[in-house]
Structure formats: structure tokens, C-alpha cells
K.L.:
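Sharing a structure below in C-alpha cells format, with a few things to ask.
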Amino acid sequence: MKNRTVRLMHPRRSSNLTRISVSSVPFNGTESSIYDTVDFFRDEMFSNGGIEGFDGRIKKRVLLRDIVNLHNDGGLRDPSQIGSMLRQIKSGEDVFSSDGLPNIKLVRTKRGEWVLFDGHHSMLSYMLAGMTYLDEVPHIIVEDEERVTVLDGEIHAFFGKHLTNLENEDWRGYVINWQAPEENRLQPRIQHNMGELLDSLSRNGSRLY
């Protein structure tokens with residue numbers, strides 16, 4: 001059994017440093033999805049208060065606009081949520097889920113792409129608030145402990161049971177729309193990154209505020 005690594009990152013804006021914690025989570029091959037890794041980290045490690053961290057500087061910054069999305073503009077559950085999140089961020093508070101973990105969760109592919117598998121509303125809110133780089137927002141990164149990146153097959157899990165339709169396809173050409181009828185949830189990709197997603201929502205006049 002090998003392990004996955006969960007990196008919990010939280011910016012300390014007053015000092016331009018990031019609070020970083022690194023946890024090793026058991027990984028039982030194909031029986032354990034990236035979602036399972038996050039759940040184990042939350043339930044068995046984070047919730048018990050045993051996470052220690054250190055302050056460090058990020059050497060290679062990642063543009064939020066370049067991060068790969070998993071939803072087109074029509075696949076966001078409720079764009080109006082972005083307005084309340086934006087007001088919260090502008091008031092000086094960060095956005096977390098009810099369990100205290102960041103909403104924003106990512107993996108990195110073997111091609112070096114950053115993929116957002118949770119927290120689209122939150123990331124769009126931070127972008128609207130003026131954040132430019134990933135190290136400026138609280139987030140979680142899930143990695144393979146040995147190779148750091150994750151395999152394309154692991155990313156298929158983000159498409160739920162529709163992953164069977166991706167067996168011979170490149171996931172990069174598709175997004176998932178959980179609001180659509182079940183037979184139409186796997187859809188061709190229109191926006192290729194978070195920058196394009198934000199631009200499209202703004203152009204189409206969606207309620208972002």
C-alpha cells in the first residue's frame with residue numbers, strides 16, 4: 001500500500017507567507033478515490049486537531065486563471081452564491097466549508113496542469129476580489145506521495161458514474177453538469193480554464209454579485 005499526500009495551504013497575508021501542512025494518507029490503489037482521500041484526511045486527521053504546519057514561501061506561483069475547471073458556465077449550481085462569498089472575502093474573512101477545510105481542492109496532472117475538483121464558486125469569488133495566484137487563497141492539494149501528480153484515470157472519478165463514458169476519451173474535452181438531466185450530465189468542454197469561466201459568466205450577465 002502506498003500513500004497519498006494532502007497539502008493544506010493557508011495564506012498569511014500580513015507576512016506574505018503561506019501556512020503549510022503536509023499529511024500522509026493511506027491509499028489502497030483503485031479502491032480509494034481522491035474524494036476518499038479528502039474524507040479520510042478530514043475525519044481521521046483534521047477533525048482530531050493533530051495537523052501541524054509551518055510558514056513558508058511559494059517558489060513557483062500558479063495563476064488562478066490558468067487552473068482547469070470541471071464545469072462550464074451553465075454547470076455551476078448557483079452563481080448567485082458567489083456574491084455572498086465575495087462580500088465575505090472583502091470583509092476580510094476567508095471561505096471555508098462547514099468542517100473548517102478550504103472549499104478549494106486541486107490536483108496536478110502529469111502534464112503539469114492544475115485541476116480544480118471542488119470549490120468553483122469559491123475560486124471565482126476570490127478572483128473577483130482581486131486574487132491572482134493560488135497561494136493567495138486557502139486550498140487543499142491532493143498528490144501521489146511518490147510522483148506528486150495524479151494519473152488521468154484518477155481524474156475520471158470526478159465525473160462520477162459517467163466516467164464509464166470516458167474510458168477511451170481524453171477527460172480534457174469534457175465537463176460535468178450535475179444540474180442537467182442524468183443522461184446529459186457529461187458535456188463537451190466550452191471554457192478551458194477558470195479565467196475563461198469567469199469571463200463567460202461576466203459577459204453573460206450572470207448574477208455574480
Side-chain angles (χ1 to χ4, degrees), residues 3-27 32-71 82 85-86 88-150 154-155 157-158 193-195 197-198:
N3 295 328
R4 283 194 176 121
T5 297
V6 174
R7 296 184 182 272
L8 179 59
M9 320 286 279
H10 193 293
R12 292 187 179 274
R13 297 189 180 93
S14 60
S15 62
N16 293 320
L17 296 173
T18 296
R19 188 68 178 174
I20 305 168
S21 75
V22 182
S23 301
S24 182
V25 177
F27 170 44
S32 178
S33 72
I34 289 169
Y35 290 123
D36 293 329
T37 297
V38 173
D39 289 345
F40 184 96
F41 172 75
R42 179 195 63 219
D43 298 339
E44 304 298 331
M45 306 173 84
F46 181 78
S47 63
N48 293 328
I51 304 300
E52 297 182 357
F54 60 93
D55 289 339
R57 296 188 186 277
I58 304 301
K59 295 180 180 179
K60 187 174 181 180
R61 308 191 83 184
V62 176
L63 283 168
L64 294 175
R65 290 186 62 89
D66 290 345
I67 293 172
V68 179
N69 51 302
L70 290 183
H71 306 303
I82 296 171
M85 289 182 178
L86 176 59
Q88 181 177 340
I89 294 166
K90 285 188 171 181
S91 72
E93 298 181 18
D94 282 307
V95 177
F96 296 97
S97 59
S98 58
D99 56 26
L101 289 175
N103 289 337
I104 296 172
K105 302 176 182 70
L106 310 100
V107 293
R108 188 166 34 155
T109 73
K110 59 184 179 181
R111 296 186 186 179
E113 304 146 310
W114 288 91
V115 180
L116 178 67
F117 69 89
D118 195 13
H120 285 65
H121 293 76
S122 298
M123 184 169 288
L124 289 166
S125 301
Y126 278 107
M127 293 169 73
L128 285 167
M131 306 304 180
T132 302
Y133 296 99
L134 182 59
D135 57 272
E136 295 179 295
V137 306
H139 63 280
I140 286 174
I141 301 170
V142 180
E143 304 172 336
D144 181 280
E145 195 170 63
E146 295 177 358
R147 62 176 180 267
V148 179
T149 60
V150 299
E154 296 174 271
I155 291 176
F158 302 147
N193 54 49
M194 291 302 294
L197 181 59
L198 179 60

K.L.:
Applying the side-chain contact (heavy atoms from CB on, under 4.5 Å) test to I104, which of I140, L64, I141, V137 qualifies?
P.N.:
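Exactly one pass, corresponding to V137.
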
K.L.:
Would you mind listing every side-chain hydrogen bond (donor to acceptor under 3.5 Å, both in side chains) that reaches into residues 54-63, with sequence neighbours excluded?
P.N.:
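Matches after skipping sequence neighbours: R12-D55, R19-D55, R61-D135.
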
K.L.:
Is a donor on one side and an acceptor on the other found under 3.5 Å between the side chain of Q88 and the backbone of D94?
P.N.:
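Yes: the side chain of Q88 pairs with the backbone of D94.
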
K.L.:
Can you tell me how far CG of L128 sits from CG of L86, rounded to the nearest 0.5 angstrom?
P.N.:
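If we round to the nearest 0.5 Å, L86:CG and L128:CG are 5.5 Å apart.
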
K.L.:
Roughly how far, to the nearest 0.5 Å, is the CD1 atom of I58 from the CG atom of N16?
P.N.:
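N16 CG to I58 CD1: 12.0 Å, rounded to 0.5 Å.
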
K.L.:
Taking ring-ring contact (aromatic ring centres under 6.0 Å, His included) as the cut-off, I'd like each qualifying pair that reaches into residues 118-139, sequence neighbours left out, listed once.
P.N.:
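Residue pairs passing ring-ring contact (aromatic ring centres under 6.0 Å, His included), neighbours aside: H71-H120.
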
K.L.:
Would you give the length of the straight line joining atom CD of E146 to atom CZ of F27, rounded to the nearest 0.5 angstrom?
P.N.:
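It comes to 10.5 Å.
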
K.L.:
Could you walk me through whether L116 and L106 pass the side-chain contact (heavy atoms from CB on, under 4.5 Å) check?
P.N.:
CA-CA 5 Å; L116 178 67; L106 310 100; 4.2 Å; yes

K.L.:
With a 4.5 Å limit on heavy-atom distance, are the side chains of M9 and L134 in contact?
P.N.:
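Result no, sub-4.5 Å side-chain heavy-atom pair not found.
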
K.L.:
If you take all heavy atoms of I51 and F41, which pair is closest and at what distance?
P.N.:
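I51 and F41 have their closest heavy atoms at CD1-CE1, 3.7 Å.
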
K.L.:
With a 3.5 Å distance limit and no angle check, can you tell me whether D144 reaches the backbone of R4 through a side-chain donor-acceptor pair?
P.N.:
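No, D144 side chain to R4 backbone: no donor-acceptor pair under 3.5 Å.
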
K.L.:
In Å, rounded to the nearest 0.5 Å, how long is the span from CG of L197 to CG of L124?
P.N.:
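Those atoms lie 5.0 Å apart.
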
K.L.:
Within the 4.5 Å heavy-atom criterion, are I155 and V150 side-chain neighbours or not?
P.N.:
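Heavy-atom side-chain distance check passes, below 4.5 Å.
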
K.L.:
Decide yes or no for L8 and L101: does some side-chain heavy atom of the first lie under 4.5 Å from some side-chain heavy atom of the second?
P.N.:
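Contact flag for L8/L101 side chains = yes.
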
K.L.:
Quick one, V142 with K105, criterion side-chain contact (heavy atoms from CB on, under 4.5 Å). Give me CA distance, side-chain angles, the key distance, then yes/no.
P.N.:
CA-CA 8 Å; V142 180; K105 302 176 182 70; 6.0 Å; no

K.L.:
Sequence neighbours left out, what passes side chain to side chain donor-acceptor pair (under 3.5 Å) with D99? Give chain and number order.
P.N.:
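Side chain to side chain donor-acceptor pair (under 3.5 Å) list for D99, sorted by chain: S97.
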
K.L.:
What distance do L63 atom CG and M131 atom CE have between them, rounded to the nearest 0.5 Å?
P.N.:
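Reported value, rounded in 0.5 Å steps: 14.5 Å.
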
K.L.:
If you take all heavy atoms of P26 and F40, which pair is closest and at what distance?
P.N.:
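That would be CD-CE2, 3.6 Å.
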
K.L.:
State whether the side chain of D36 and the backbone N or O of S33 hold a donor-acceptor pair below 3.5 Å, judged by distance alone.
P.N.:
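Between the backbone of S33 and the side chain of D36 there is a qualifying donor-acceptor contact (under 3.5 Å).
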
K.L.:
Is F117 close to L70 at the side-chain level, that is, under 4.5 Å between some pair of heavy atoms?
P.N.:
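Yes. Closest side-chain heavy atoms under 4.5 Å.
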
K.L.:
Indicate yes or no for a side-chain donor-acceptor contact from E136 to the backbone of T132 under 3.5 Å, with no hydrogens or angles considered.
P.N.:
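Indeed, once roles are kept as given, a pair shorter than 3.5 Å links the two residues.
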
K.L.:
Please identify each residue that fulfils ring pair (Phe, Tyr, Trp, His ring centres under 6.0 Å) with H10, with sequence neighbours left out.
P.N.:
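Per chain and number, H10 pairs via ring pair (Phe, Tyr, Trp, His ring centres under 6.0 Å) with F96.
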
K.L.:
According to ring pair (Phe, Tyr, Trp, His ring centres under 6.0 Å), who are the partners of F46, at least two apart in sequence or on a separate chain?
P.N.:
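Applying ring pair (Phe, Tyr, Trp, His ring centres under 6.0 Å) to F46 gives none.
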
K.L.:
Can you list everything that forms a side-chain contact (heavy atoms from CB on, under 4.5 Å) with E145? Sequence neighbours excluded, please.
P.N.:
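E145: side-chain contact (heavy atoms from CB on, under 4.5 Å) contacts with N3, T5, S24.
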
K.L.:
Which residue in the set R147, R108, K110 passes salt bridge (charged side-chain N to carboxylate O under 4.0 Å, His left out) when paired with E154?
P.N.:
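When R147, R108, K110 are each tested with E154, the salt bridge (charged side-chain N to carboxylate O under 4.0 Å, His left out) holds only for R147.
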
K.L.:
Please report the closest heavy-atom contact between A129 and I89, naming both atoms and the distance.
P.N.:
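It is CB-CG2, 3.7 Å.
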
